[in-house]
Amino acid sequence: MSQVRVRFAPSPTGFFHIGSARTALFNWLYARHTGGTFILRIEDTDKERNSEAFLQVIYDSLNWLGLNWDEGPKVGGSGGGNHGPYRQSERGDVYRQYVNRLRDAGRAYEKDGAIWFKLLGERYEVFDDHRKKTVTKVKLPPVVIEDQIRGRVERMEDEDFVIVRSDGNPVFHLVNVVDDIAMEVSHIIRGEDHLSNTSKHVLLFEGFGMKPPAFAHIPLILKQNGPGKMSKRDQGALIEEYQKRGYLPEALVNFLCLLGWNPGDDREKMPIAEIVRLFDLPGVNQSNARFDDKKLAHMNMAYLLEQPADRFVTLARDFFQRTDTPAARAALATDAAFFRDVMLLSQPKVKGVEELPAYTAYFFTDDFAIDAKVRDKVMAKGDPKARLAELIELLTTADFSSDTAVEETIKALAAKNGLGFGDYQAIARLAVSGSNVGPSITGMFRVLGRERVLARMRRFAAAARDGQP
RNA sequence: GCCCUCAUCGUCUAUCGGUUAGGACAGGAGAUUCUCAAUCUUCAAAGCGGGGUUCGAUUCCCCGUGGGGGCACCA
């Protein structure tokens, strides 16, 4: 069996979005599954719409997702190979050579300053109502595409088409096919939106005297709300957005794998190595999938929960550093060990690292807001002022070294007064954090330490005595 | 308008002619916990319509309908 060679061929004309990422991912998975080669080719022939900044976005996104390429532009550990150059803007000579081959074979001609690919068959003129002009059609049998995912597809191709524009630039169809031939691509895995181009490509392959590679057209990702496929402008479409929001790339990758593919059983959250082992083209779905940010968020949380402490803290710190808010700055200004303790205390409680700055804000400043609704509710129940006074007295001498020590202390106090832990919890939390949500109160005390806890409680008690805290 | 393509809970999907149509996300209820989450239990939720083929169709075929994509000297 010949070597599998697949390629991902983005054009740096916009941002790198979910759909592109999944196409890249499926190519990468197939290469890794078969032990083949994953090629990154940059389709930057359209000079108007390309930029170096966009190119960098592609590299960054692929790297972040962990989709390393074996051949292509050299970036970090990826790239290299002897089928280059891998940027189409540097392959002008190759295209000219191939166009000449077509001319020599009588399959290309010039008209209106452009070069056209010539279809072989009987010609006739017909008025095209849709385009409102007379066009020359060519009679030839339908082009047959044997697609690895969709089976046999037939498409009619009945007009010559431009392969080099009058300004001298080769068009997409030509460069795509030429590069796939020159780079010895064995399988073309791309979005279904290209299916209608494929007949042109098959004809071109044959025009060059080549057998077309295998095709696999994967279903599209539809936007979450409203009609149509997901595009750059849609909410949640951009990979860099997830990167910025502190999503775990392995969670996004896992989620993306499940959009159009599944292992054949009920498993969803799986290590990438297992997905690589099981992935195959015939297992890919044929129908389009709608993007679901809730499921992505859930997947991210599941991965986040199981992160080792060091990685979680690093992830959190990176996110805080990118977040330019007073709360984030205050957090970073504190002692690294304290920051770490706060983050680890919060790890099991948040759905994403993006929640962390707001969720942990009161740890890093004494100047936190008291939630009025929570305050009214807590102050209305039982005798919170008395409970608070008891706590202040007790905690002055209590052991703060561990969660269990704090817990035992408060439980003992509650038992002594014939009350429950809960009778102290709400008021303590309110006084120390201003809220009714947060990590365990015992962990919160341990991390904040006696001085801070007592200071906040005394301040709250004083305010409550004078009126409203 | 023409061409191609797809069709199971709201969403992602399993089923490859015989199942109480399964799982996950989201939603409801309950349990647990010091709050909030998480977790566990549980409920509700689907074969687009019409014809065939077959002893039997979600599954195979045809026709509708609906969704999606494409019809450039864009990629």
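Within every chain, numbering begins at 1; the chains are lettered A, B, ... in the order of the sequence lines, protein sequences first and strands thereafter.
Nucleotide B:U13 holds its P atom 10 Å from the CD1 atom of A:Ile221, rounded to whole Å. In this structure, A:Asn262 atom CG and B:U11 atom C1' are separated by 15 Å, rounded to whole Å. Put simply, CD1 on A:Ile218 is 14 Å from C1' on B:G69, counting in whole angstrom units. In this structure, CG of A:Asn225 is placed 14 Å from P of B:G68, rounded to the nearest angstrom. Put simply, NE2 on A:His194 is 19 Å from P on B:G68, counting in whole angstrom units. Rounded to a whole Å, the NE2 atom of A:His173 is 10 Å from the C1' atom of B:G70. We find that NZ of A:Lys269 is positioned 11 Å from P of B:U39, with the value rounded to whole Å. The interatomic distance linking A:Asn300 (CG) with B:A24 (C1') rounds to 16 Å, in whole Å.
When the side-chain nitrogen and oxygen atoms of A:Asn288 are compared with OP1 and OP2 of B:C6, none of them lie within a distance under 4.0 Å. Under 4.0 angstrom from either OP1 or OP2 of B:A14 there lies at least one side-chain N or O belonging to A:Asn285. Between A:Lys294 and B:A24 there is no side-chain polar atom (N or O) within less than 4.0 angstrom of OP1 or OP2.
B:A29 and B:U41 make up a base pair, with Watson-Crick or G-U wobble contacts both under 3.5 Å. A 3.5 Å limit on both hydrogen-bonding distances identifies no Watson-Crick or G-U partner for B:U35. Taking a pair to require two hydrogen-bonding distances under 3.5 Å in either a Watson-Crick or a G-U wobble arrangement, B:C71 pairs with B:G1. The nucleotide B:U65 finds its pairing partner in B:A7, both defining distances of the Watson-Crick or G-U wobble pair being shorter than 3.5 Å. In this entry B:G56 has no Watson-Crick or G-U wobble partner, no candidate having both defining distances under 3.5 Å.
For A:Val350 and A:Pro219, each mapped to the nucleotide of RNA chain B holding its nearest heavy atom, the one lying further toward the 5' end belongs to A:Pro219.
Here the closest heavy-atom approach between residue A:Pro219 and residue A:Glu192 is recorded as CA-CB, 4.5 Å.
Remark: A:Tyr303 OH to A:Asn300 CG distance equals 10.0 Å, nearest 0.5 Å.
When only modelled atom types and interatomic distance are considered, A:Ser401 and A:Asp399 share a side-chain donor-acceptor pair under 3.5 Å. A:Asp179 and A:Tyr95 share a donor-acceptor pair across their side chains, judged by distance under 3.5 Å alone. A:Thr136 and A:Glu125 share a side-chain donor-acceptor pair at under 3.5 Å. A donor and an acceptor atom, one from each side chain of A:His217 and A:Thr198, are located under 3.5 Å apart.
Annotation: B:U58 and B:U53 have their P atoms spaced 16 Å apart (nearest Å). Straight-line distance between the P atoms of B:G10 and B:C3: roughly 32 Å, to the nearest whole Å. Comparing the P positions of B:U59 and B:G50 gives a spacing of 12 Å, expressed to the nearest Å. Distance check on atom P: B:U33 versus B:G28 gives 22 Å, rounded to whole Å. On the C1' atoms, B:C9 is 27 Å away from B:C61, given to the nearest whole Å. One P atom belongs to B:G30, the other to B:A44, and the distance between them is 16 Å to the nearest Å. Comparing B:A46 with B:A26, their C1' atoms sit 16 Å apart, to the nearest whole Å.
Between A:Phe16 and A:Phe54, the ring center distance fails the sub-6.0 Å criterion.
A:Val153 places none of its side-chain heavy atoms less than 4.5 Å from the side chain of A:Phe215.
When heavy atoms are screened at a 4.0 angstrom cut-off, A:Asn197 is found touching base atoms of the nucleic acid. Looking at heavy-atom distances under 4.0 Å, A:Asn176 makes no contact with the nucleic acid at all. Using a 4.0 Å heavy-atom distance criterion, A:Gly420 is classed as making no nucleic acid contact. Nucleic acid contact for A:Leu430: none, since no nucleic acid atom lies under 4.0 Å from a heavy atom of the residue. Counting non-hydrogen atoms under 4.0 angstrom, A:Arg267 reaches nothing in the nucleic acid. As judged by a 4.0 angstrom heavy-atom cut-off over every strand, A:Gly228 is placed among residues touching the sugar-phosphate backbone only. Within the nucleic acid shown, A:Arg155 comes within 4.0 Å of at least one base atom, counting heavy atoms only. Counting non-hydrogen atoms under 4.0 angstrom, A:Glu268 reaches a base of the nucleic acid.
When distances run from any side-chain atom of A:Ser166 to the nucleotides B:C73, B:C12, B:C6, the shortest one goes to B:C73. Among the nucleotides B:C4, B:G69, B:A38, the one closest to any side-chain atom of A:Val153 is B:C4. Comparing atom distances between the A:Ala289 side chain and each of B:C12, B:U5, B:C73 picks out B:C12 as nearest.
Ion pairing between a basic and an acidic side chain is recognised when a charged N comes within 4.0 Å of a carboxylate O; A:Asp180 and A:Arg7 show such pairing.
A:Arg456 is linked by a salt bridge (charged side-chain N to carboxylate O under 4.0 Å, His left out) to A:Asp366, counting only residues two or more places apart in sequence or in another chain.
You won't find any donor-acceptor pair under 3.5 Å spanning the side chain of A:Glu192 and the base of B:G70, going by distance alone.
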Please tabulate the protein-to-nucleotide N/O contacts below 3.5 Å involving nucleotides 28-35 of chain B, giving atom names and distances.
| unit_1 | atom_1 | unit_2 | atom_2 | d |
| --- | --- | --- | --- | --- |
| B:C34 | O2' | A:Gln425 | OE1 | 3.3 |
| B:C34 | O2' | A:Gln425 | NE2 | 2.4 |
| B:C34 | O2 | A:Arg429 | NH2 | 3.3 |
| B:C34 | O2 | A:Ile441 | N | 3.3 |
| B:C34 | N3 | A:Ile441 | N | 3.2 |
| B:C34 | N4 | A:Thr442 | OG1 | 3.2 |
| B:U35 | O4' | A:Gln425 | OE1 | 3.3 |
| B:U35 | O4' | A:Gln425 | NE2 | 3.1 |
| B:U35 | O2' | A:Asn436 | O | 2.5 |
| B:U35 | O2 | A:Asn436 | O | 2.8 |
| B:U35 | O2 | A:Gly438 | N | 3.2 |
| B:U35 | N3 | A:Arg429 | NH2 | 3.1 |
| B:U35 | N3 | A:Gly438 | O | 2.6 |
| B:U35 | O4 | A:Lys349 | NZ | 3.4 |
| B:U35 | O4 | A:Gly438 | O | 3.3 |
| B:U35 | O4 | A:Ser440 | N | 3.3 |

